[in-house]
Amino acid sequence: MWFVVGTAVVLLSVGAVLAVRAVARQARARADPAVAGVGVRPRALISGLAVSGWVLVYAAVASNLPFLHHDTIAGSALAAPPELVRAGQPSTVTGKAPAPDPMAALKVGDCVEVPIEQARNAAGDPTWKAGTPEPSDCASVDANYRVLQIGPDSCTDPLYTLESAPHDKTGKVRYHLCLTFDWRAGVCYDTTNMDVPSKVDCAATGEHIVQATAVFVNSTSGAGCPRDGRGAVWVVWNKLQLTVCFRGSDNPGK
């Protein structure tokens, strides 16, 4: 670059000197007709020197302008940084939508599995604690509860024994799920503890394995229970207004 600049300076300097002399000679020629004026060739030489000098100056300057410099640099492009969000303003970036709640899709008559765990009450006496309900096939021995009512209103059916009321992030109840134990005619149960009976295969053996023969809602009488060769056995829940009938040979627990 410096060589180009130096050459340009020399050409422009020589051109300037020749131009000054040409102007002086031309002035004398006007004053004295005997003095010859500047010819065409000297004028062309001066013009050529000036043009060449300025071309070299432009080339030197242009080669160092950032917007005309086109060096290629190897590397990888970086992603643009995320846009900043001002303090106090919510971001418009949203996460994944929450997964749908399968319990909210349940209908009256559907079954659920409710794990029953041993616990102790405030006095230290043994009791039972219901776990989180999950949808279940009514034909499964794990489906121990049935849906009586589901919706925005609290449980009102006298037959319900469990209520689940999940809340959203604001603390508002999303729905009330009202459940009752799933007594069904023809299904066998282990009634060792009648407070927490469980469905079992009818091939199971045990002192308190029973088979339901009929279920009467809004009834506290066993008069309508089917009878076999050994009669009939039934259990009444007065508060629930429920009667469940068993085979005459069965021995329900307490």
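Values in this document were obtained by computation on a predicted structure and should not be read as measured data. Numbers for residues simply follow the sequence, beginning at 1.
Using a 4.5 Å cut-off on side-chain heavy atoms (C-beta onward), Ile209 and Val200 make contact. The side-chain heavy atoms of Lys129 and Ile116, taken from C-beta on, include no pair separated by under 4.5 Å. Looking only at side-chain heavy atoms (C-beta outward), Tyr175 and Gln149 stay at 4.5 Å or farther from each other. By the 4.5 Å heavy-atom criterion applied to side chains, Cys225 and Phe216 are counted as neighbours. Counting heavy atoms from C-beta outward, Leu242 and Leu159 have side chains that approach closer than 4.5 Å. Using a 4.5 Å heavy-atom cutoff, the side chains of Ser164 and Pro166 are in contact. A 4.5 Å side-chain heavy-atom check between Met103 and Val112 finds at least one atom pair inside the cut-off. Two residues are said to be in side-chain contact when any heavy atoms from C-beta on lie closer than 4.5 Å; Leu162 and Val114 meet this criterion.
Looking at Asn144, its side chain never comes within 3.5 Å of a backbone N or O of Ser198 through a donor-acceptor pair. Between the side chain of Thr127 and the backbone N or O of Arg120 there is no donor-acceptor pair closer than 3.5 Å. Using modelled atom types, no side-chain atom of Asp142 and backbone atom of Ser136 make a donor-acceptor pair closer than 3.5 Å. Within the 3.5 Å criterion, the main-chain N or O of Gly253 finds a donor-acceptor partner in the side chain of Thr191. Remark: side-chain polar atoms of Tyr189 are not paired, donor with acceptor, to backbone N or O of Pro252 under 3.5 angstrom. Asp137 places no side-chain N or O within 3.5 Å of a backbone atom of Ser140 that could act as its donor or acceptor partner.
Here the shortest heavy-atom pairing between Asp125 and Asn121 reads N-OD1, 2.8 Å. For the residue pair Ser249 and Arg230, the shortest heavy atom distance occurs at CB-NH1, 3.5 Å. For the pair Pro135 and Leu106, the tightest heavy-atom approach, listed with the atom from each and the gap, is CB-CD2, 4.2 Å. Contact between Ala143 and Cys111 at its shortest, heavy atoms only, is CB-CB, 3.8 Å. Considering every non-hydrogen atom in both Arg146 and Phe181, the closest pair reads NH2-O, 4.1 Å. Among all heavy-atom pairs drawn from His167 and Val173, the shortest one is NE2-CG2, 3.3 Å.
Atom SG of Cys155 and atom CG of Leu148 lie 8.0 Å apart (nearest 0.5 Å). Atom OG1 in Thr192 sits 13.0 Å away from atom NZ in Lys254 (nearest 0.5 Å). Distance OG1/Thr213 to CZ/Arg247: 9.0 Å, rounded to 0.5 Å.
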>> I'd like to know whether Gln118 forms a side-chain contact (heavy atoms from CB on, under 4.5 Å) with Trp128, so could you lay out the CA-CA distance, the side-chain angles of the two residues, the decisive distance to 0.1 Å, and finally the verdict.
In response: CA-CA 5 Å; Gln118 287 187 330; Trp128 304 92; 3.2 Å; yes
>> Run His176 and Glu163 through side-chain hydrogen bond (donor to acceptor under 3.5 Å, both in side chains) and show every step you take.
In response: CA-CA 7 Å; His176 292 269; Glu163 178 179 3; 2.6 Å; yes
> Passes salt bridge (charged side-chain N to carboxylate O under 4.0 Å, His left out), Asp182 versus Lys199? Steps please.
Replying inline: CA-CA 9 Å; Asp182 188 41; Lys199 289 181 179 179; 2.6 Å; yes
>> Evaluate Asp101 against Arg174 for salt bridge (charged side-chain N to carboxylate O under 4.0 Å, His left out), listing each step before the verdict.
In response: CA-CA 10 Å; Asp101 181 1; Arg174 295 166 55 201; 3.2 Å; yes
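Residues Val108 and Tyr145 fall into different hydrophobic clusters, defined by Ile, Leu, Val, Met, Phe, Trp and Tyr side chains chained together at heavy-atom separations under 4.5 Å. Each of Val244 and Trp234 belongs to its own hydrophobic cluster when Ile, Leu, Val, Met, Phe, Trp and Tyr are linked at side-chain heavy-atom distances under 4.5 angstrom. Val236 and Met194 are members of different hydrophobic clusters when ILVMFWY side chains are connected at heavy-atom separations under 4.5 Å. Hydrophobic clustering, with ILVMFWY side chains joined whenever heavy atoms are under 4.5 angstrom apart, keeps Val141 apart from Leu179.
Ring pair Trp183/Phe246 is perpendicular by interplanar angle, where above 60° counts as perpendicular and below 30° as parallel.
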